[in-house]
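The structure under discussion appears below in the form of structure tokens.
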Amino acid sequence: MPDAGYIAAALASAVAITVTLRAIPFGLKALVRESALVTNLGRWMPLGAVAILATYCVARIGASGVPGEGLGELAGVAVTVGAHIWRRNAVLSIVLGAVVCLVIANVLPS
Amino acid sequence: MVREPSELAEVAQRTWVIWAGLFALGIGFGVLVTGHGFPWWLAPLMSATMFAGSVEFILVGMLAAGAPLGAVALTTLLVNSRHLFYGLSFPLHLVRGRMRKAYSVFALCDEAYALTANRDPNTLTSGSILWTQFGLHASWALGALSGGVAGAYLLSGLKGMGFVLTALFIVLTMDAYRENPDRIVLGLALGAALVAQVVLPGSMVLLAMSLFAIALIARSKSARPGHVLGDFRA
């Protein structure tokens with residue numbers, strides 16, 4: 001194991017950078033106050049950000065190369081989307097999709 | 001009257017499945033960390049202090065290999081720069097108290113942003129935002145602790161645990177679009193994501209968020225000022 005000083009320094013710098021990145025936009029917002037641009041970004045960003053994160057997760061399906069996992073996740077996506085159109089209950093949609101994903105990924109291939 | 005316990009109960013009812021998913025992912029992280037020869041406490045320590053899942057997985061390998069501090073810092077900067085786009089629309093103004101605001105900024109991970117920024121601000125309170133963030137934080141750190149202590153005996157053979165987060169972002173996208181069916185925003189985001197996936201799959205999220213933000217700035221600039229202001233006042 002690398003020495004504790006190195007681990008502490010690496011962790012401290014990673015924490016400092018992460019917190020700074022999270023804090024910067026709040027500082028910017030206070031600086032520019034109310035501008036049409038900031039208002040518009042605040043209104044449009046939430047939908048786009050979750051859409052990008054969802055696309056990222058879906059695009060990574062199968063990337064682990066673990067047999068069965070990709071298939072399970074694809075089936076889980078289909079079930080989650082279907083359940084959410086059907087019942088509009090976020091917890092239900094996630095649980096149903098996750099159960100289908102886990103069953104297919106862990107039971108079927110072996 | 002809104003009391004603290006009912007806020008916690010409301011948040012738990014809405015997000016327990018995400019807590020479970022983060023707990024399971026945390027176990028995987030703990031197992032990964034001890035698997036690299038680190039002591040059991042490093043995983044919960046990293047998870048409690050950084051609270052940034054994806055970059056933690058990357059850093060474990062770098063730390064084990066003794067990567068230079070500059071490389072660790074640069075990797076963290078690149079992977080976590082997507083957080084630059086969250087603060088503009090995160091309802092920090094609803095969080096009461098300096099220390100609580102500070103914690104809220106510290107604990108602003110992807111899931112915390114996604115679970116709050118798309119909700120109607122009228123349904124959010126200082127307590128519900130903080131419980132949402134603390135629940136995610138505690139789940140992730142406790143999962144890492146469990147994985148670090150119990151190691152490979154715990155769930156680590158289970159495949160597909162990360163799917164809960166995939167499902168979460170899909171559901172939140174569908175809810176956000178239903179709430180505010182802005183085809184241009186959704187189209188720009190998906191277009192940016194596809195371009196980023198093709199051009200730079202290794203830094204897909206950061207590139208996609210940047211392209212998306214540039215497109216939104218262009219859209220905002222091209223809109224008639226009167227129209228934008230009118231929307232803002234309404």
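Numbered from 1 within each chain, the chains take letters A, B, ... in sequence-line order. What's counted below: heavy atoms across the whole structure, side chains too, no hydrogens, waters or symmetry copies.
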Discussion item. Can you tell me which portion of A73(B) sits under 4.5 Å from chain A's heavy atoms? Options are side chain, backbone, both or neither.
Written reply: both
Discussion item. Just verifying a value: how many Å separate F85(B) CZ and L216(B) CG, rounded to the nearest 0.5 Å?
Written reply: 10.0 Å
Worksheet entry | Residue pair S104(B) / F90(B), side-chain heavy-atom distance below 4.5 Å | yes
Discussion item. Between V105(B) and chain A, with a heavy-atom cut-off of 4.5 Å, which part of the residue counts as in contact: side chain, backbone, both or neither?
Written reply: both
Worksheet item: In terms of the angle between their ring planes, are Y86(B) and Y113(B) parallel, tilted or perpendicular, with boundaries placed at 30° and 60°?
Response: parallel
Fill in: E56(B), part contacting chain A, at a heavy-atom distance under 4.5 Å
neither
Worksheet item: When heavy-atom pairs shorter than 4.5 Å are enumerated against chain B, which of A16(A), G97(A), S13(A) gives the highest number?
Response: G97(A)
Worksheet item: Hey, which of M45(A), K29(A), E73(A) has the most heavy atom pairs under 4.5 Å with chain B?
Response: M45(A)
Worksheet item: In terms of heavy-atom pairs under 4.5 Å with chain A, which of P201(B), G87(B), A189(B) leads?
Response: G87(B)
Worksheet item: If you count heavy-atom pairs under 4.5 Å between each of V72(B), L172(B), V185(B) and chain A, which one has the most?
Response: V185(B)
Practice prompt. Would you mind checking which part of M204(B) comes under 4.5 Å of any heavy atom in chain A, side chain (CB onward), backbone (N, CA, C, O), both or neither?
Written response: side chain
Fill in: Distance-minimising heavy-atom pair for T80(A) and A167(B)
OG1-CB, 3.8 Å
Worksheet item: With a 4.5 angstrom heavy-atom cut-off, which part of I18(B) approaches chain A: side chain, backbone, both or neither?
Response: side chain
Discussion item. Counting only non-hydrogen atoms closer than 4.5 Å, does Y177(B) touch chain A with its backbone (N, CA, C, O), its side chain (CB onward), both, or neither?
Written reply: both
Worksheet, complete the sentence: From the list G72(A), A59(A), A49(A), the residue making the most non-hydrogen contacts under 4.5 Å with chain B is A49(A)
Discussion item. Heavy-atom cut-off 4.5 Å, strictly under: side chain, backbone, both or neither for A67(B) against chain A?
Written reply: both
Item to complete: Determine the option with the most heavy-atom pairs under 4.5 angstrom with chain B, choosing from V77(A), V58(A), L28(A), I61(A).
Response: V77(A)
Item to complete: Could you have a look at A65(B), A192(B), C109(B) and say which one has the most heavy-atom pairs with chain A under 4.5 angstrom?
Response: C109(B)
Worksheet entry | Heavy-atom proximity to chain A below 4.5 Å, by part of L188(B) | neither
Fill in: Segment of I85(A) engaging chain B (4.5 angstrom heavy-atom cut-off)
both
Worksheet entry | Most chain B-contacting option - heavy-atom pairs closer than 4.5 Å, from T55(A), V15(A), I17(A), L47(A) | L47(A)
Worksheet item: Taking atom OG of S93(A) and atom CG of D175(B), what is their separation to the nearest 0.5 Å?
Response: 8.0 Å
Worksheet entry | Candidate list W19(B), F29(B), F23(B), test ring-ring contact (aromatic ring centres under 6.0 Å, His included), partner W140(B), passing option | F29(B)
Worksheet entry | Between G70(A), A90(A), G76(A), the one whose heavy-atom pairs under 4.5 Å with chain B are most numerous | G76(A)
Discussion item. For the CG atom of L25(B) and the CZ atom of F163(B), what is their distance to the nearest 0.5 Å?
Written reply: 12.5 Å
Item to complete: Can you tell which part of V38(A) gets under 4.5 Å to a heavy atom of chain B, answering side chain, backbone, both or neither?
Response: side chain
Worksheet, complete the sentence: The reported gap from CG in N80(B) to CE in M50(B) (rounded to nearest 0.5 angstrom) is 6.0 Å
Worksheet item: Using a cut-off of under 4.5 Å for heavy-atom pairs, which of V55(B), L186(B), L92(B), L190(B) has the most such pairs with chain A?
Response: L92(B)
Item to complete: Mind ranking V205(B), L84(B), L194(B), V79(B) by heavy-atom pairs under 4.5 Å with chain A and telling me who comes out on top?
Response: L84(B)
Worksheet entry | Gap separating the OG1 atom of T49(B) from the NE2 atom of H137(B), nearest 0.5 angstrom | 7.5 Å
Practice prompt. Please flag which part of V164(B) lies under 4.5 Å from any non-hydrogen atom of chain A: side chain, backbone, both or neither.
Written response: both
Worksheet entry | Proximal component of R14(B), with respect to chain A [non-hydrogen, under 4.5 Å] | backbone
Item to complete: Calculate, to the nearest 0.5 Å, the distance between atoms CG and CD belonging to D120(B) and E179(B) respectively.
Response: 6.5 Å
Practice prompt. Considering only heavy atoms and a distance below 4.5 Å, find which of A193(B), G66(B), P68(B) pairs most often with chain A.
Written response: G66(B)
